[in-house]
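Since the structure comes first, as structure tokens, the remarks are kept for the end.
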Amino acid sequence: MTTQRSLLLALLGALVIGGGLRLYELDRRTLSHPEYWVPRLDVPEHVQHPPPRHGVRDVVEQSLSPDVHPPGYHLVMLGWNGTVGTGLRAMRLSSVLAGLAAILAMFGFARSVFGGRTAVLATGLLALHGYHVFWSQQLRPWVLLSAIALITCILLVQLADRWRGWKAAALVLLTAAGLWIDYYFWPLVAGQILWVLLNLRGDLRARALSLQLGAVLLAFPVFVYLRFHIVLEGHLGNDVLAHLVWLTGFGGLLPYVPRANLVNLPGALLPIGASVIGFSLWVVGLRRSRRRSPDASGSSGMRANLLWLLIAAAVNAILIEVLLVESIDRRRLYVAVVLAPFILAAAAPPLIRRLHRADRVLDAIRDHRIVGVVTTSLPAMVVVTPLLLFVGAGLVGRSLFVDYTLVPLMPFVLVLIAAGIVASRRAAVPLAIGVLVAFALSNYQWWAIRGGGRSAANWHGSEGSGWPGTYAHYADYQELAGSLIPHVEEGDVVLVR
């Protein structure tokens, strides 16, 4: 039996190794295109995008356009950069800490759902995962969102077992924070809500749904940003199959390969093979997910808290009035984002009280021989729900797939794969060793991609996308500057593309 001491030692080892990988050459690369959107940078006057942002109002207003993300991450970085400064290493350390938080949270979540052995393996996989390490060195929100996703899932599982007020408050605040950080966190929360709806009952379900709805109401101002961003040109591809192959291939361990290249043999054998093996282990792991027996205690009480929901709606109205009222160009939009939360807050409690009438249908879905394997598994619901939404959007011509935005789903794919490996019995140990070695080696390819050698490499985040683009070391720029200096005179402006 796995002892408490060995579990802690394994966790410590994963944190040390994962931290070392994420700190390695952290500040040798210059800022890439998406990174220079963080606030508090001293931007030259002739630069239009991004404009300088040194205060909360600057971030809130200038995130409306031309940025295509809500302001949550930039508000976090506003505080971080204001505390530690805007040195390259200091700024990127925020992402390293988010990566370590994700590793720690992975251990807690995997242990609560699958047990100690799976937790150790899943934590090791995330610590060594080259793509997760890659984004743990970038000033972008994806690794932070993966940590928030794991922590909120831990809180959900713990609240389902034993209700605690401080954990409920933490769930609301972290969920709302994730919703403020990026649109791609919303489908993940939808998966959590569906899991609560299908697997909890009575008073427990009512309280959990009230918390989740309250978090959504606190993040309602994000719809103002969506109104501006939805009409902007994006850089997303519509390659649904290629992204599914990429994600099922051990959570994006290998670089993304466009669909056109997946039919070119033998080069496509590696990504397709990784996808087949990873998905097979994922399915095996699904069957080992912890199944909850619905708690029907207090089924007549249904404590959906109207007061709490009205407070959340009022906070939303205050945020809109203080931060965004001058940016809302249509009265209808203002009325909608202010009044809709109050309507939802008033309508939700009676609707939740009537949910018990649908329990027979919900039980049939949860207990279905095939569908129930997914619906009873929290990690599966967190992955499958967003993927179904993305695939559905792609089928109607609205692409939502881009590989780095799937990073928050990565830990849940890995935990199911780890569970599948542990369930392989006699093959578990050699399989685990082989996979861990492959994950460790993946850092070499991503190290080369992010400019680990003297010659920088190009990496394309999605089909048709030309960024993040080229990563270069200071040595590369020093060499370039040395060749340009003899030709530059005072007052010249040098443009490098």
Side-chain angles (χ1 to χ4, degrees), residues 34 36-41 43 47-82 139-142 144-145 148 152 169 172-190 211-234 307-348 400 405:
Y36 66 60
W37 286 87
V38 295
R40 294 196 186 274
L41 295 180
V43 181
V47 175
Q48 292 184 345
H49 302 306
R53 292 173 292 177
H54 295 278
V56 172
R57 185 163 294 279
D58 291 341
V59 171
V60 168
E61 293 179 353
Q62 293 168 11
S63 293
L64 290 167
S65 179
D67 200 357
V68 291
H69 304 280
Y73 179 69
H74 296 314
L75 289 172
V76 171
M77 292 306 299
L78 182 73
W80 176 269
N81 290 349
L139 293 171
R140 300 303 292 157
W142 315 118
L144 176 60
L145 285 178
I148 294 175
T152 52
V172 171
L173 294 176
L174 285 172
T175 302
L179 296 174
W180 268 90
I181 287 174
D182 202 81
Y183 301 119
Y184 279 88
F185 198 75
W186 289 73
L188 190 150
V189 172
L211 293 180
Q212 292 172 316
L213 178 58
V216 171
L217 296 183
L218 290 176
F220 223 76
V222 171
F223 285 101
V224 176
Y225 292 90
L226 183 62
R227 145 76 179 85
F228 287 91
H229 295 162
I230 200 168
V231 298
L232 297 177
E233 272 190 39
L307 178 60
W308 147 242
L309 293 177
L310 289 175
I311 291 174
V315 171
N316 164 75
I318 293 172
L319 290 174
I320 294 288
E321 187 65 31
V322 172
L323 298 176
L324 288 169
V325 66
E326 295 180 2
S327 302
I328 299 178
D329 57 351
R330 297 183 183 180
R331 183 173 179 80
R332 290 182 181 178
L333 177 62
Y334 175 79
V335 172
V337 295
V338 170
L339 291 185
F342 286 101
I343 296 172
L344 290 173
L400 295 176
T405 58

Inset, instruction - Please name all residues satisfying side-chain hydrogen bond (donor to acceptor under 3.5 Å, both in side chains) with Thr152, sequence neighbours left out, ordered by chain then number. - result: Gln192

Inset, instruction - Check whether any side-chain heavy atom of Val60 sits under 4.5 Å from a side-chain heavy atom of Tyr225, and report yes or no. - result: yes

Inset, instruction - Check ring-ring contact (aromatic ring centres under 6.0 Å, His included) between Tyr183 and all other residues, then give those that pass, not counting sequence neighbours. - result: His229

Legend entry - Polar side-chain atom of Trp180 near backbone of Val222 as donor-acceptor pair, under 3.5 Å: no

Legend entry - Contacts of type ring-ring contact (aromatic ring centres under 6.0 Å, His included), residue Tyr36, not counting sequence neighbours: His33

Inset, instruction - Please collect all salt bridge (Lys or Arg N to Asp or Glu O under 4.0 Å) contacts where either partner lies in residues 214-229, sequence neighbours excluded, each pair once. - result: Arg227-Asp329

Inset, instruction - To the nearest 0.5 Å, tell me how far Ile181 CD1 sits from Leu174 CG. - result: 9.0 Å

Inset, instruction - Compare every heavy atom of Val59 with every heavy atom of Pro39, then report the nearest pair and how far apart it is. - result: CB-CG2, 4.0 Å

Legend entry - Pairwise side-chain contact, Tyr184 with Leu145, heavy-atom cut-off 4.5 Å (strictly under): no

Identify each donor-acceptor pair in which a side-chain atom of residues 309-319 lies under 3.5 Å from a protein atom, sequence neighbours left out, and give them as a table.
{"unit_1": "Asn316", "atom_1": "ND2", "unit_2": "Val337", "atom_2": "O", "d": "2.9"}

Inset, instruction - Working to the nearest 0.5 Å, report the span between CG of Leu188 and CG of Asp182. - result: 11.5 Å

Inset, instruction - Answer with yes or no after comparing the ring centroid distance for Phe220 and Phe223 against a 6.0 Å cut-off, counting only values under it. - result: yes

Legend entry - Sequence-distant partners of Gln212, side-chain hydrogen bond (donor to acceptor under 3.5 Å, both in side chains), two or more places apart: none

Legend entry - Value rounded to 0.5 Å, distance of CG in Leu339 from OH in Tyr334: 8.5 Å

Legend entry - All side-chain contact (heavy atoms from CB on, under 4.5 Å) counterparts of Leu139, not counting sequence neighbours: Leu31, Glu35, Val38, Tyr73, Met77, Met91, Arg92, Ser94

Legend entry - Contacts of Asn81 that satisfy side-chain hydrogen bond (donor to acceptor under 3.5 Å, both in side chains) - sequence neighbours left out: none

